[in-house]
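Before any comments, here is the structure.
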Amino acid sequence: MKVITHTTTRAARGKGLTLVWGLHDFALGKMLVALSSEGVCWIGINCGEKDLAKNWPGANLIEDAKITAKPARELAAAWKKGWPQRAGDLSVPLVLYGTAFQIKVWKELLKIKSGAVVTYADIARKVGLPAAVRAVGSAVGKNTLSIIVPCHRVVNTSGNKISYGWGPAMKKALLKAEGVPAYA
DNA sequence: CGCCGGTCGTAAA
DNA sequence: TTTACGACCGGCG
């Protein structure tokens, strides 16, 4: 899959950008897919335009589900097949807008196989900052491509707390659907 | 168990 | 530039 990255801060992210978005079904609910001229740049679960706007300050938003339908279908299918382990090719690139650190973390998430989970500490080690566990948590939580950048596959060491931007129940449902034993 | 300190990248002030 | 705050972790009681 092709991945395009842009290093920015949250505040500057949406400036001068036009995003075309639409709502589409996937296995566990509705997904909001937003496209820039380069590819998919934002995915939200069971949410609406206000969530999109909040994440892209200053961006020009255009709703057109006809345009987002094809990529949305591909993304949903890819996840269902065990993304990214048995990923089918997507006709659009994944576009990551974030700080250098966040992009590093998100790219690490793309390596986690479907059906597996890793801890925040694991990611911290992988990016070479073993003590920055908490900073990793923040970065994971700011993931802009829900489901596709599999932030739901990151859990805490003790396994007793489960946090997720779209609600703990959705995280559990995703892990269950992926066949993670502890959530079956 | 629950509490506390350490750590480090961010957004906001 | 300063401050406050996390989708955390490990140690200690």
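The chains referred to below are lettered A, B, ... by the order of the sequence lines, with proteins before strands, and numbering in each begins at 1.
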inquiry  = Within the structure provided, determine whether A:Val40 and A:Val33 are in side-chain contact (heavy-atom separation under 4.5 Å).
reply    = yes
remark   = So the salt bridge (charged side-chain N to carboxylate O under 4.0 Å, His left out) pairs with at least one residue in residues 140-161 of chain A (sequence neighbours excluded) are A:Arg153-A:Glu178
task = Rounded to the nearest 0.5 Å, what's the gap from CH2 on A:Trp83 to CD1 on A:Ile148? Could you check?
result = 5.5 Å
query = Do A:Leu75 and A:Ile43 come within less than 4.5 Å of each other through their side chains, counting heavy atoms only?
reply = yes
Donor-acceptor pairs are to be reported for all side-chain atoms of residues 10-19 of chain A against protein atoms at under 3.5 Å, with residues two or more places apart or in another chain.
from, atom 1, to, atom 2, distance (Å)
A:Arg10, NH2, A:Lys54, O, 3.3
A:Arg13, NH1, A:Asn55, O, 2.7

inquiry  = Can you list every stem that DNA chain C is part of, counting only runs of 3 or more consecutive Watson-Crick or G-U wobble pairs with both distances under 3.5 Å?
reply    = B:1-6 with C:8-13, B:8-13 with C:1-6
message = So A:Glu49 and A:Asp51, do their side chains get closer than 4.5 Å, heavy atoms only?
response = no
request  = Mind running side chain to side chain contact (heavy atoms under 4.5 Å, CB included) on A:Tyr164 and A:Leu174 for me, showing each step along the way?
outcome  = CA-CA 11 Å; A:Tyr164 194 55; A:Leu174 286 163; 3.5 Å; yes
task = Starting from P on B:dC8, measure out to NZ on A:Lys104 and report it in whole angstrom.
result = 13 Å
ask   = Which of residues 149-173 of chain A sit near DNA chain B, with a heavy atom under 4.0 Å from it?
value = none
Under 3.5 Å, which N/O atoms of the protein pair with N/O atoms of nucleotides 2-6 of chain B?
from, atom 1, to, atom 2, distance (Å)
B:dG6, O6, A:Arg134, NH1, 3.0

request  = Take atom CD1 of A:Ile103 and atom P of B:dT10, then tell me their distance rounded to the nearest Å.
outcome  = 10 Å
Listed pairs under 3.5 Å, donor-acceptor, residues 100-109 of chain A side chains, sequence neighbours left out:
from, atom 1, to, atom 2, distance (Å)
A:Gln102, OE1, A:Thr99, N, 2.9
A:Gln102, OE1, A:Thr99, OG1, 3.3
A:Trp106, NE1, A:Ala139, O, 2.9
A:Glu108, OE1, A:Lys111, NZ, 3.3
A:Glu108, OE2, A:Lys111, NZ, 3.3

ask   = Who are the side chain to side chain contact (heavy atoms under 4.5 Å, CB included) partners of A:Val118, not counting sequence neighbours?
value = A:Ile112, A:Asp122, A:Ile123, A:Val154
Can you list, pair by pair, the side-chain donor-acceptor contacts under 3.5 Å of residues 87-97 of chain A, counting residues two or more places apart and other chains?
from, atom 1, to, atom 2, distance (Å)
A:Ser91, OG, A:Glu74, OE1, 2.9
A:Ser91, OG, A:Glu74, OE2, 2.9

Range on DNA chain C touched by chain A, heavy atoms, distance below 4.0 Å = C:dG6 to C:dG10
inquiry  = Which residues pass the ring-ring contact (aromatic ring centres under 6.0 Å, His included) test with A:Tyr120, not counting sequence neighbours?
reply    = none
note = Taken in chain and number order and not counting sequence neighbours, the residues that satisfy side-chain hydrogen bond (donor to acceptor under 3.5 Å, both in side chains) with A:Ser146 are A:Trp166
Ignoring hydrogens and angles, write down the donor-acceptor pairs under 3.5 Å from the side chains of residues 20-27 of chain A, residues two or more places apart or on other chains.
from, atom 1, to, atom 2, distance (Å)
A:His24, NE2, A:Thr68, OG1, 2.6
A:Asp25, OD1, A:Lys30, NZ, 3.2

ask   = What is the distance from CZ of A:Arg10 to P of B:dA11, rounded to the nearest Å?
value = 7 Å
